[in-house]
Each structure stands twice: as structure tokens, then as C-alpha cells.
Visitor: 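The structure's right below; bear with me while I get my questions together.
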Amino acid sequence: APSVAYDGYASRKRARPSTLGDGTNCDPAEDDEGHKLWSVDTDEDTIAPRCFGANNQFPESVYASRAYDAVYAVAHAVQALVDDPLVQRIDGDALMAALLAVRFDGVTGKVSFSSEPATLGDRAGGVLYDVMNVNASGAWVKLGTWQPADNWEQSFAGNGQALTRPMPDNSKPPELVGDTLRVGVFCDISPRYIVYEKCQHVMHIIDRINDKKDGFLDDLLPDHRLFYSMVQTGTTGCAESEAIRSHFDQLYSDLNGVVATIGPFCSDDVAAVTAAEWRAGADVSTVVLAPSSTAPLLANVGAYPNLLRLSSNDKHIQSAVAALAERLGWQAICVLHDDGLWGRGVMQSFTSIFESSGGKIVNNGTAEFSKAAFDGGNLTGSDLLDQLEDCQIILLAAYPDAQRAVFAASYDEGRLWGPGYAWLNAHPAEEALYNADGSVNSSAVHGSEGVLGVIESSGVSSASDLSLKYQALWDEVSSSQGCTNMSPHSRPFCDHDDVASTIPDYTAMYVDAVIKLAVSADAAIRNGSRPGDADALYATMLAADTVTGLSGPLVFDDSGDRLSTLEVLNYRLLTEASQSGRRLSSVLLPRSLLEFSIVGSYSTATSTLQLPDVGVLVFSGGSTEVPQHSSPPPPPPPPSPPPEPPLSTGVLVVIVLLSTLTPVVVIW
């Protein structure tokens, strides 16, 4: 903008001689150390130096005047340090502190810098933008300038130029208020990591819903689009509460408000962003659709409002695990769980259900480990195995990183592995078999062979029209190349095993979260609700008719928890695929492949287990014989009756010793 500083700058610039050279040779000027200012020598003697001079005419680069002010900002800061008698030397920290205190009228306006932590070093004063418009001839014209202020009237200074609108008669276009639903997505960062494939499905289903001409749910949201922003969590386990809330705030800021989020996925993280007390302070009502959160505590709608969980509550899941244990004749089980909200919830739910049917938790006093200690590197997989001494049947309730460590240590050390042992997994997770760099951990793969688990239906076995259409659309755009090459020409989405009909664990719930969101938003908008009304959206989600997704009917109870059919999985190492479940690529395991075989089901509505053939199951190390649990210690024998003559003291001692050593065979 015209000012004394700018006019002086422009005048001095125009007065400078050209530095283009004479047309044949570059300008010869050098700096104080003898380096050419306006030319760069090439590596070949036969090629002339490259010239980088300018003719100092206008118009100039939009950043030229800012470069000029940058030099003056440094000069002002250095001058302040030189004038300060307490400054002995000028280093980067001192210069930065002085720059934050700089204030001057520069070529680009008032120059100052922010000292606020969130915007440290950003320009604070003198921010000014030209407001541009494309006219009917396709040329950019300036309408005026804009600078930060309390309202548009104070911010915008027009120059009288008429506005060109994208209408035939140059009239004002119709208002399209609220034509988007702002959706936040929690994701992982590495394309090689298996969680990334789940995130790819979220992006794909949003694209499919926004496309009204692909034959897939085209009648949903005809006048609205799902507009999303994705935040990279960088973890497959739980983040700290403040970290996940910071990610949530980032989404809220990026989208200028969020009506719903897909994720987080960990129960502790879900608790952090749905806790009523935090929401009240942050003035947040966003609906959270959690694909894989199962902790029973989160069913409290008063404490955790506007939460819809696409996976069944652990009370249902652990009922299924207990039913599976009963079917296999296991009445004594060890448990290993972390001390997080979810891990403790699994332990409490399973213990209550299992013991009510006559079962026994063998290691109740040593079942828990510190998640923080493990995440911090102070506990290893071997250390965790130490807590399971004398165990044969083990229920593991841990996040993928700890699972990987436990299974790898079990195989590498030959502990709690092989015939006679069985593992139940409270959170069957494919990512537990991958290292942080995306490579397969072969020890964890072999150590997990024979694991049994219960998980929400994956949609693999579904032959519904919706599932088949989705698989066909996914097949057109996905490939394993998409996991390593971010922009393959025709199939950009990542599919690690190159089979459209098999998807990673919980992925169907990620897709179904978006489908449920779209169906409910469509109904709410048709009933007159605003697209950004999260409370109305959540109420519609609970009241709406049943929606069918990839994982089957999406039915929820009054607390927003899923009621569904669960699948019983068995990890099996095979020489060729059986087509009964998701598998790791044979490229990664050359002589075998690990398949997550679906061997049964459990109905949460009727509390019934379907396990047609126990004979097809494999257990630890590939054993096909059902392991037998160690019986829990029997209760102590009743007190001995008072001695009666003519029984001698010596005989009494013998009886006591016998009853101590072999209590099951002593007859009184």
C-alpha cells in the first residue's frame, strides 16, 4: 500500500542499475568475500555461468518487499542487542528474542511478530491482503485490500472496482447455507502400516457417498456433501488425553466446527474427547462415532454424551469369550491386561461373567501391567510372560504393540507356546503382527498361531447387495501398490493383500460409521435440522430405523452401543488360503500365510455361541488338540475333628502329613 516507506523503497529500487549483465556476460559484482552476486558457475567449462540478475523494474515479485523488510527486521534486532550493555555475544536465542520485540514501519506496513506460543514468530502487525476477482474476460482485477479487524466493514477497503459474479446476469448467487457436513477423521500416518488401509476405506466411502452417480447410496444427502479433514495421530494405541484433545481441537479449527468425527479408536482416547466435563468447558457437542471402542464404562450417556460405538460393548464380547471357554471345557484361565480404562474394563467384565458360571481366574493378583511402563520401554514381552507363570489358558487384553511383544517373546523363548497352551485375544488386531516400519514381525506371527478371539463382523462373509457393491467399487481403485506408491495411475487406495473381499479387522465398522452418519444426517436434514446440529444428529442416530452396513444390521441400544453378531476368529498358518478369512500377504511370508479364519459366531441378542466344529480349530504352535486347563487349587479341607482314643499322636501326625501332601486321596 502507498506509504512513505514504500515510496522510498520503490524510488531507491528504480534508481539501482540493472544487474542483468550485458546480454553476453553476467553482472560481475561480488560480495565482501569475493562470491559472485548475480551468477552461478556450472560444472562444465564449456557452458557459460548462469545469470540471476534483475532489471529492477516493476511489477516485482510479491515477496520482494517482504524480503526487504526481513533484512530491516534483523538489522533493528541486531542494533538493539549492540546497544544493550548487558549483551556479551549475539547468538540465535538472543537474536530471536530481540526479533520478537521489533516494531517498525516497513515497506509492507507495520512490522511486528507474535510472542504467543501457538503463533510464535508469526507476523503480528501489518498483515494486508489484496482482494482479487476474475472478471468476465478472465483477467484478475483488484477489488481492494483486507486486513485483520473486528468485522468486514473495518477489514475491507474497496477501491470502487465492480464485483464480477458467476451468474449470467451478474446477480448474486443463491445462498447455499450449510451445504456441507464437516467431519473429522482420526488416522495413522504411515502408508505401510496396516491401520492406514482402514483410513483409506474411510476416505473411499466418503468419496462414494459424495458421488451421486456411482450407484452406491446415491439417494443420501442429495444437496449436501461430507467435507472432511484428517488428523494424523501417529499411534496405534492410546494417546495421552491432552494429545488426543489437541488433535480434536485441530480438526475443529481446520473445519471451523465439526458435527461428527470418525474415531478416535482407543477407548481411553474416546473417553478423553467425550467426557462431559471437558465438553462443557470446550463448548463441544460433536458426535463421536468410534469404530472399535468397547470399554463398558463409556456406556454412561451422562458422563460420555453423543457417543455412538460401532463395536459391541465388552460386556457382550466377554460373554462371547466366556461362552467359547465353556464350550472348550476351560474353567481355569489366566488374564494379562493393561491398566488402562479398556484393559481394566475387560478384566472386570470377563471375571464377573466367567466366575458366575463356575470359572476361576488363576492369577487374579498378577493379571495387570502398567501400560505407561510398557510404552516407555521399561517392560518387555518377556517381562509380561513372567506374570503368567504356571498358566496354560491365557486371555490377553492389550493393545497391538504389547500383543506383538508378548507373542514374539512367547515364540522366541518357547514359553507358553506350543501344544498344551491356548491364547484368547480380547482385541484381535492385525496391526499387532507388524513392526513400526510396516514389516511383518515373523516371531509375532508364529507366536500368535492358534490364537482365538471374538470381533465384530468384518463383512467378509456378507453377500448383501451393499457389501458386494462396495467390494466392487473398492476393487476398482485399490491395490497393494497404493500402500507404497501414493499416486498410482488408476488404483490409488491401499489394499495390503490385493483382495477386495477381505478387509482388516474393524475396517467394516470404520466404513459403517460413515454410512450411519450419512443416513442419519440425511434423515435429520429432511426433518428440518441444521447440518451442524450435533445433538439433533445424535438423537436421529438412536431413533432411526435399522441401517444395514458392511458388518450387518446397525442396531444400537439407548446408550449408543452396538448390538450385533460377533465373529469367532482363529489365527491359522496355512500353505494356501482357505478363503474363509483375512490373510497377510504371502509376499511377506514366503512359505506360509497367516489367515484370520472365521470359525464361529455369537449373537449378542440371544447370547448364543455357534461353533460348529471344534475339530477345525488350531491352538498354540499349530496343535489341533484342545489344551486342558490346570484345575484351580481346591478349597482347604475342613478342620479335623478332635482326636478320639485310642488314636495315637503319631498316627495323627501321619494323617496330617498325608492330608497335606495328597489331600484328594485322604479318606477320613
Side-chain angles (χ1 to χ4, degrees), residues 186-190 192-196 198-199 231-248 250 263-275 290-295 297-298 314 335-348 363 366-388 394-413 415-416 423 425-441 443-445 447-448 451 453 505-506:
F186 290 85
C187 192
D188 189 64
I189 56 176
S190 172
R192 297 191 62 192
Y193 209 69
I194 197 67
V195 176
Y196 183 76
K198 302 175 187 179
C199 301
V231 66
Q232 298 177 337
T233 60
T235 178
T236 58
C238 295
E240 296 294 331
S241 292
E242 290 308 312
I244 203 68
R245 287 171 177 171
S246 176
H247 290 316
F248 187 95
Q250 180 184 332
F265 312 112
C266 159
S267 289
D268 296 74
D269 291 347
V270 171
V273 298
T274 57
S292 56
S293 167
T294 58
L297 181 67
L298 299 184
D314 258 317
V335 180
L336 180 65
H337 69 92
D338 67 37
D339 59 357
L341 181 148
W342 170 73
R344 286 177 172 172
V346 170
M347 177 63 175
Q348 292 166 3
N363 66 328
T366 61
E368 184 172 288
F369 69 91
S370 167
K371 184 177 181 299
F374 177 82
D375 291 343
N378 297 316
L379 277 178
T380 66
S382 186
D383 295 330
L384 297 181
L385 293 181
D386 290 342
Q387 297 182 213
L388 299 170
I394 305 123
L395 171 62
L396 177 62
Y399 285 105
D401 288 347
Q403 289 184 36
R404 179 170 57 252
V406 167
F407 291 140
S410 178
Y411 176 74
D412 290 340
E413 300 174 20
R415 300 166 63 194
L416 306 176
W423 288 83
N425 194 345
H427 176 51
E430 192 170 326
E431 55 263 38
L433 307 176
Y434 287 83
N435 297 312
D437 63 0
S439 61
V440 169
N441 186 311
S443 292
V445 169
S448 66
V451 165
D505 47 77
Y506 296 103

Visitor: Of all the heavy-atom pairs spanning W423 and L416, show the shortest one and how long it is.
Guide: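 Heavy atoms of W423 and L416 come nearest at NE1-O, 3.0 Å.
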Visitor: Got V346 and H337 here, is their nearest side-chain heavy-atom distance under 4.5 Å?
Guide: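 Answer no - side chains too far apart.
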Visitor: Can you tell which of D314, L298, D269 makes a side-chain contact (heavy atoms from CB on, under 4.5 Å) with W342?
Guide: D314
Visitor: Looking only at atom types and distance, does a side-chain atom of S267 sit under 3.5 Å from a main-chain N or O of T294, one as donor and one as acceptor?
Guide: yes
Visitor: Could you tell me whether the side chain of M347 reaches within less than 4.5 Å of the side chain of L395, counting heavy atoms only?
Guide: no
Visitor: Could you walk me through whether N425 and F407 pass side chain to side chain contact (heavy atoms under 4.5 Å, CB included), step by step?
Guide: CA-CA 11 Å; N425 194 345; F407 291 140; 4.2 Å; yes
Visitor: With a 4.5 Å limit on heavy-atom distance, are the side chains of Y434 and V440 in contact?
Guide: yes
Visitor: Once you round to the nearest 0.5 Å, how far does CG of L388 lie from OG1 of T366?
Guide: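 So the CG of L388 and the OG1 of T366 are separated by 7.0 Å.
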Visitor: Measure the spacing between CG of D375 and CG of D401 and express it to the nearest 0.5 Å.
Guide: 7.0 Å
Visitor: Please give me the minimum heavy-atom distance between F186 and C199, naming the atom from each residue.
Guide: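 Minimum heavy-atom separation between F186 and C199: O-SG, 4.4 Å.
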Visitor: What is the minimum heavy-atom distance between V273 and P264, and which atoms define it?
Guide: CG2-CD, 3.8 Å
Visitor: At what distance, to the nearest 0.5 angstrom, does CZ of F265 lie from CD1 of I244?
Guide: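 Reported to 0.5 Å precision, the distance equals 9.0 Å.
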Visitor: In Å and rounded to the nearest 0.5 Å, what is the CG to CG distance from D412 to N441?
Guide: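 Between atom CG of D412 and atom CG of N441 there are 8.0 Å.
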Visitor: With rounding to the nearest 0.5 Å, note down the distance linking CG in D338 to NE2 in H427.
Guide: 10.5 Å
Visitor: Check whether any side-chain heavy atom of Q387 lies under 4.5 Å from a side-chain heavy atom of N363, and answer yes or no.
Guide: no
Visitor: Taking all atoms of both residues into account, what is the closest heavy-atom pair of R415 and S410, and its distance?
Guide: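 Minimum heavy-atom separation between R415 and S410: O-OG, 2.6 Å.
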Visitor: Any heavy-atom pair between the side chains of F374 and D383 that's under 4.5 Å?
Guide: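 In short, these two side chains do not touch, never coming nearer than 4.5 Å.
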Visitor: Do the side chains of Y399 and D268 get nearer than 4.5 Å, heavy atoms only?
Guide: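 Yes. Closest side-chain heavy atoms under 4.5 Å.
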Visitor: Compare every heavy atom of L341 with every heavy atom of A295, then report the nearest pair and how far apart it is.
Guide: CB-CD2, 3.1 Å
Visitor: Just by modelled atom types, is the C266 backbone N or O under 3.5 Å from a matching donor or acceptor in the S293 side chain?
Guide: no
Visitor: Are the side chain of S448 and the backbone N or O of A444 linked by a donor-acceptor pair below 3.5 Å?
Guide: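 Checked: pair present.
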Visitor: Please report the shortest heavy-atom distance between R245 and A275, naming the atom on each side.
Guide: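 Scanning both residues, the minimum pair turns out to be NH2-CB, 4.2 Å.
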Visitor: Using 0.5 Å steps for rounding, measure from the CZ atom of R344 to the CG atom of L297.
Guide: 12.0 Å
